[in-house]
Number of protein chains: 2
Amino acid sequence: MAVKQARQATIKDIARELGLSVATVSRALSRPELLKPETRERVLAVAHRLGYQPNLIARGLRMQETRLIFVVTRSLSPFFLDVFRGVEVAAREFGYDVLMGHTEYIAEREGLFLDQVASGRADGVILVTSADAVALATRRRPMPPLVAALEAIDGLSVPTVCIDHTEAGAQAARHLIGLGHRRIAQIAGPGQMSMAKDRSEGFEREMRRAGLDPSAYPVLSGDFSIDFGEAAMRTLLAATPPPTAVFAANDEMAVGVLQAVKQARLEIGRDISVIGFNDQRIASLYEPQLTTVHVPTAELGYHSMRQMLRLLRGESTGEVIVLPTAVVERQTTGPAPAERPVRARGEKAPV
Amino acid sequence: MAVKQARQATIKDIARELGLSVATVSRALSRPELLKPETRERVLAVAHRLGYQPNLIARGLRMQETRLIFVVTRSLSPFFLDVFRGVEVAAREFGYDVLMGHTEYIAEREGLFLDQVASGRADGVILVTSADAVALATRRRPMPPLVAALEAIDGLSVPTVCIDHTEAGAQAARHLIGLGHRRIAQIAGPGQMSMAKDRSEGFEREMRRAGLDPSAYPVLSGDFSIDFGEAAMRTLLAATPPPTAVFAANDEMAVGVLQAVKQARLEIGRDISVIGFNDQRIASLYEPQLTTVHVPTAELGYHSMRQMLRLLRGESTGEVIVLPTAVVERQTTGPAPAERPVRARGEKAPV
DNA sequence: TTGAAAGCGCTAACAT
DNA sequence: ATGTTAGCGCTTTCAA
C-alpha cells in the first residue's frame, strides 16, 4: 500500500479530511482565538499529523509581504559577517528572517537584489556599502525599501546607519600625530569608494592642521587586500627618508604593511608605527596586535535593521544615524623614533 | 500632477494600457516566440516604461518552483564562506540564486530552514554540516530536497559531497609520524560532531599503526575556537614530558596552540610541531605559516550545488562524492627534536 | 496570434 | 463559530 504522499499538505487537505472549510482551517492556524477550542484542536492535530507547513509563497502573495530582508554586501569578508550578525539580532526580535547575498563588487548586482524585492521575494534590502546610486535609482519605480549601512549612498536619500568616515580618518591621524610622528604615509582604499575617500580626507585634513604635508608620500590607493598593503609598504620603505608611521584604510592592508615591515627587519611600533581600520578579529589576533580604528560593526547591522523596520511601517525617511568610532591602541603604534633632526618648515638649520 | 506610482506594475497594468489580455502579456515575457513580433515589441516597450518586474512570488506559486537554494551553515566562519562561494558559481551557471543562512549551532534551526523549503520559499537546502539527522527527518513529509556538504548526515541517505574525515585525520598523523615524532597529542573538535570524531579516529588509528599510544596525552575536545586551542596547549605543555607535536582539528585551534607555544618561549617547528586542519586563509597568513590539512572548500560547494540540481531534476539519490584532502607542509612542522633517548617498548636500556 | 478562464495556497471581507 | 467568495499576480490549457 504505497501511500502517495509526495505533496506538501495544504489547508485544503486538512479541510477535506475534517469536513471543514479552508477558511476555518486558516483561522485555526493564524487566529486561533476565533475558533471553538475543540475545532481548533482537531485542526491542529490533523495539521500536525499531515506534516503541514504553511505555504509562505501563497501567504506572501496574499499579504503582500514576506517578512524577509536581504542583506547585501560587496564581498563576503569577515567584516560584513559581523554586520550581518547585528542585523540578525534585530530581525529575530521582530519576527523577520534575514538572508545574505553579495555582489562581488559588481555594481549592477546590487540592482538585481533590489529587483528581487520588487519581485516580491523580500520586503527590503539593507545595502552595506553601495557602489552606484545612479544606476540604483534609475529604472526602479517605485524604489523598494532600502537602508544604507556603513556609508551613505551618494545622491540617494534613504535611511542610513553609518560611521563618520571623515572623522574616523582624522582620529587615526591624531593618534599618530599625538605620538610625535611627522613622517606619516597613508594607504587608502579604492578610489571610487566614497567611504575610502572620506577616510582619506579626514586623515589629510588633520595632517594639514598639524602643519604636515599629506602628500609628502604618495597616497597609494589599494583594494583592501593584504597583498596590496604589503606591496605598498615596500614602496614606502624605499623612500628616503621612509615614513615612521603608516595609516592603512583597513585592517587587512595594515596586516600586509606589517608583513613588509617584518621582512625589512624593522621593529614594529618602534621603527615604524602602523594603524589600521575596522578592528576586525585579525587585528587583535595578529602578532603584534594591531592598533586600529574600532568600527561598531554589529551595532551598524542592528540599527540598520531597526531602520528597515521603521521604514516598512512608514515611519522613517532619509534619517541618518551616525555611530561613534574610536582608536583602539594596541601594539603596533608607539612614539616616533628619535632621529637626526629634520627641519620643520621655516626652521633654521643649526650652525 | 502627482502621479501615483506607489505600486509595482503588473502584467495587468500593461495589458490594460495596451488593450491586450494578461495572457498575451505573460507570453510576451516568457514565451516571446509565440507572439507577433510587433505585439511583442509593444508589450516590452510598455513593460520597460512602467519599470515592470515580474512577481516571482506569483510565478513561484504557479510554477511551484523558486529557483532559489538556501545554503545553511552552523556558523558564519570564513570557512563556510568559501564553501558558499563554490555553491554560487555552480548556481549562477544554471540560473539559480543562492542565499546563505546559519543556525548558530542550534540544531532545530536547521529544521526551520527545511520548513522554509516546505513553505515554498526555496527549492532546496544545502546543509553544510548537520547536527541532528533524527530531528531533521522526523515530522517532515515529504523531505525537502536536501544535500549534505562537508560531512554525511548520520542515518539519513541524501546526496552528499564530503571529504574523508577519517583519512584526513590519518594524513595528519602520518605527516607527524613521518617527521619522527612519537610524543604526539591531539586537540579534537566538538565531541558531538561526527566529522570531528572521524578525524580523531583516523588520527588515532594511524598512531596505533605506528606503535604509538593515542591516549598518552589526554584528547581534549574543543569548540574550534582559538581560545580553546590556546588553553588546551597550555595544559599539554604542563605534561612531563610534553608532546613534541600536536594535531589540532581545525586551523583556529591550531593558531591558539601556536600562541601558547610562543608564550612558552618554545620554538615552533623545532621544539614543537603543529598541524592544523582546513587550510583556511589564516593558515598561510599566520606567522609562522601553519602546516595544515587542505580541504577543497570551494569545490565542496560547487559539487554540492551540482548534486542539488540533479536532485531537483530527479536524477540523483543518496550518491556520495568524496573529495581529496592533502597535507600542506608549511612552517610549523619539522623533524622531531633530538632528545634524551626514550625507550621504545621492549627495547633494552643501554648498559 | 490572441483571449477567456482556471487555478497555484492562502487570507479576509462578508455572510450566516 | 463557521462557511462562501473573491482575489493576490502569474502561467497555461482550451477556444476562437
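Every chain is numbered from 1 and lettered A, B, ... according to where its sequence line falls, protein lines coming before strand lines. Treat the numbers as computed from the prediction; the structure is a model and nothing was measured.
Distance, L20(B) CG to dA16(D) P: 20 Å, rounded to whole Å. Between the CD atom of E65(A) and the P atom of dC10(C) there is a distance of 16 Å, given to the nearest Å. As rounded to whole Å, 10 Å separates atom C1' of dT4(D) from atom CZ of R27(A). To the nearest angstrom, P of dG7(D) lies 16 Å from CD1 of I11(B). Counting to the nearest Å, the P atom of dG9(C) and the CG atom of L29(A) are 15 Å from each other. Spacing between atom CG of N55(A) and atom P of dC10(C) amounts to 6 Å, rounded to whole angstrom units. Nucleotide dA5(C) holds its P atom 14 Å from the NZ atom of K12(B), rounded to whole Å. Whole-Å rounding puts the L61(B) CG to dT11(C) C1' distance at 13 Å.
Contacts of S26(B) with the nucleic acid, taken as non-hydrogen atoms under 4.0 Å apart, include base atoms. Residue L35(B) is in sugar-phosphate contact alone, with no base atom involved, counting any heavy-atom pair closer than 4.0 Å across all strands shown. When heavy atoms are screened at a 4.0 angstrom cut-off, I57(A) is found touching no nucleic acid atom at all. If you check every strand for non-hydrogen atoms under 4.0 Å, R62(A) touches a base. Across all strands shown, L56(A) has no heavy atoms under 4.0 Å from either base or sugar-phosphate atoms.
Two residues, A58(B) and R31(B), neighbour DNA chain D, and the one matched to the more 5' nucleotide by heavy-atom proximity is A58(B). When each of V25(B) and V22(A) is assigned the nucleotide of DNA chain C with its nearest heavy atom, V25(B) is the one assigned upstream, toward the 5' end. Summary of the strand contacts: P54(A) and G19(B) both lie near DNA chain C, and taking for each the nucleotide with the nearest heavy atom, the more 5' one is attributed to G19(B).
Nearest nucleotide to the A23(A) side chain, out of dG9(C), dT4(D), dT12(D): dT4(D). When distances run from any side-chain atom of M63(A) to the nucleotides dC10(D), dA12(C), dT12(D), the shortest one goes to dA12(C).
Note on R59(B): a side-chain N or O is less than 4.0 Å away from OP1 or OP2 of dT11(D). Side-chain nitrogen and oxygen atoms of Q64(A) include none within less than 4.0 Å of the OP1 or OP2 phosphate oxygen of dG7(D). For T39(A), no side-chain nitrogen or oxygen approaches OP1 or OP2 of dA1(D) to under 4.0 Å. In this structure, S21(A) reaches the dG3(D) phosphate: one of its side-chain N or O atoms is under 4.0 Å from OP1 or OP2. Look at Q8(A) and you won't find any side-chain N or O under 4.0 angstrom from OP1 or OP2 of dG9(C).
Considering L99(B), I126(B), D123(B) as possible partners of F70(B), the one that fulfils the side-chain contact (heavy atoms from CB on, under 4.5 Å) test is L99(B). Of the listed residues (V125(A), D97(A), L312(A)), just one forms a side-chain contact (heavy atoms from CB on, under 4.5 Å) with I69(A), and that residue is L312(A).
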Inset, instruction - Begin with the C-alpha distance, continue with both residues' side-chain angles, and end with the deciding distance and a verdict on side-chain contact (heavy atoms from CB on, under 4.5 Å) for H102(B) and F80(B). - result: CA-CA 10 Å; H102(B) 70 130; F80(B) 293 124; over 6 Å; no

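Nearest heavy atom pair, residue V72(B) against residue F113(B), reads CG2-CG, 3.5 Å. Closest approach of L35(A) and T24(A) over heavy atoms only: CD2-O, 3.7 Å.
For the residue pair Q192(B) / Y105(B), no side-chain donor-acceptor distance below 3.5 Å is found, with atom types taken as modelled.
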